[in-house]
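Let me begin by presenting the structure, written as structure tokens, before commenting on it.
Every number for a ligand or one of its atoms is a count from 1 in the order of the listing. Throughout, residue positions are numbered sequentially from 1 according to the sequence presented.
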Amino acid sequence: MQLRKIRLEGFRNYDRMEAEFAPGVNLIVGRNAQGKTNLLEAIGYLGSGKSFRAQKTGEMVGFSAEFADLEGWVAAEGREQTLRWVLFSGSRPRQIYRNGVKKKTAGEVAGVLPTVLFCPEDLQMLKGGSAPRRRFADNALCQLRPNYDGALAEYGRILETKQRILKDCRDNPAVAEILPEYNRRLCQVGALLISYRARFFRSLEEAAGKYHHRFSGGREAFSLEYRTVSTVEDPFAPVQKLTEELETHLSLHSRGEMESGQCLTGPHRDDFTIRLSGVDLKAYGSQGQTRTATISLKLAQRELMARQFGEEPVLLLDDVLSELDAGRQDFVLNQIETGQVFITCCEPGRFTKLGKTIEIENGAVRPVE
Ligand code: ATP
Ligand code: MG
């Protein structure tokens, strides 16, 4: 896949802008707060309908704009296609177009412009709490499996409602009557998520292990273990069995949930553990090992997507190269000889030779000769 051209109107600090990109490396340079990350956000959003930084859609609409209009011309599946999103700041639903035809869901445009983002915050992904690791897996799966997106969204909605019911129960115990219905659906959709994740993590482990092996000169054996609800014996089991196992766990914790008013069990708490030659990375990994493992995961994500779509996804490197030492920079750059890449940085330095340089200044773009 290749983004040939983008047009932004009322998106973040871009009032009106158009830019054309090279098929290989595009270096986005500019001082701080000029709009480099905003541009990467727009590219990621074009392909997935998701932002890696906005909490609400409205945040992406320019301060003085009524709506944001993003359009991209993409070479995908052997032809030129267009993707367009129109976003509003209030509750008005966004509009999605593929090749000028209106679509209902983000799933209907999945696969046209898949992207992999790598930013400095990702370098912390393997150290702290589980949320960023889940976000990483969910983001990859949403792009890889169009049905996962819908299931994840449904799971989130049921969980939110259940959370409200648990809170309301405290004042009005009669509300608890409707809980079993929500729990049943939560377990059904949850089982589906586990099933997808199990397969994803297995492929990810295999691909990331290969990169890590190469990167560490074969000194460290990389393993990744998917961790989900404890009553699940085998996450590859049929969805029906997973549903029953989730129900068992729920019934074990139903009192705790009522007492705490929290949803205590389910795949919304899933995680994965990485071990290097058997040693838990999160607890014992050095900074260098953690960085190497993270890079391996990101490159693996890219490889799984390339396999799925038959073309390299677009790689978005936001400020990340400047965070890496020269050896790791070279490792990343050597793995991306093919495919399109967008690299943002303030100090282009040694990267300028890589490809097309685009300078960003105050929400405007000008190519540099
Ligand atoms: P850095 O090098 O520091 O990472 P950057 O070039 O990546 O900078 P961006 O994160 O893209 O900068 O953001 C640039 C500016 O966009 C910020 O000054 C911010 O105030 C502005 N901005 C963010 N959201 C909006 C919005 N909805 N409308 C208008 N401007 C916005
Ligand atoms: Mg930035």
Task: ring-ring contact (aromatic ring centres under 6.0 Å, His included) partners for Phe331, two or more places apart - done: Phe215
Check [Y] with [X], please: is the shortest side-chain N to carboxylate O separation under 4.0 Å?
{"X": "Lys241", "Y": "Glu245", "value": "yes"}
{"X": "Glu59", "Y": "Arg53", "value": "no"}
{"X": "Asp271", "Y": "Arg133", "value": "yes"}

Open item on the list: Tell me whether Arg84 forms a cation-pi arrangement with Tyr97, defined as NZ or CZ under 6.0 Å from the six-membered ring centre and within 45 degrees of its axis.
Closed with: yes
TODO: Can you run down the salt bridge (Lys or Arg N to Asp or Glu O under 4.0 Å) pairs that involve residues 89-108, sequence neighbours left out, and say none if there aren't any?
DONE: Glu77-Arg98
Classify the ring geometry of [X] against [Y]: parallel below 30°, tilted from 30° to 60°, perpendicular beyond 60°.
{"X": "Phe21", "Y": "Phe342", "result": "perpendicular"}
{"X": "Phe136", "Y": "Phe272", "result": "tilted"}
{"X": "His212", "Y": "Phe222", "result": "tilted"}

- [ ] For ligand 1, list the protein residues that place a heavy atom within a distance below 4.0 Å of one of its atoms, sorted by chain and number.
- [x] Arg12, Asn13, Arg31, Asn32, Ala33, Gln34, Gly35, Lys36, Thr37, Asn38, Arg53, Glu59, Val61, Gly62, Phe63, Asp319, Cys346
- [ ] Output, by chain and residue number, all protein N/O/S atoms separated from the Mg ion (ligand 2) by less than 2.8 Å.
- [x] Thr37 OG1
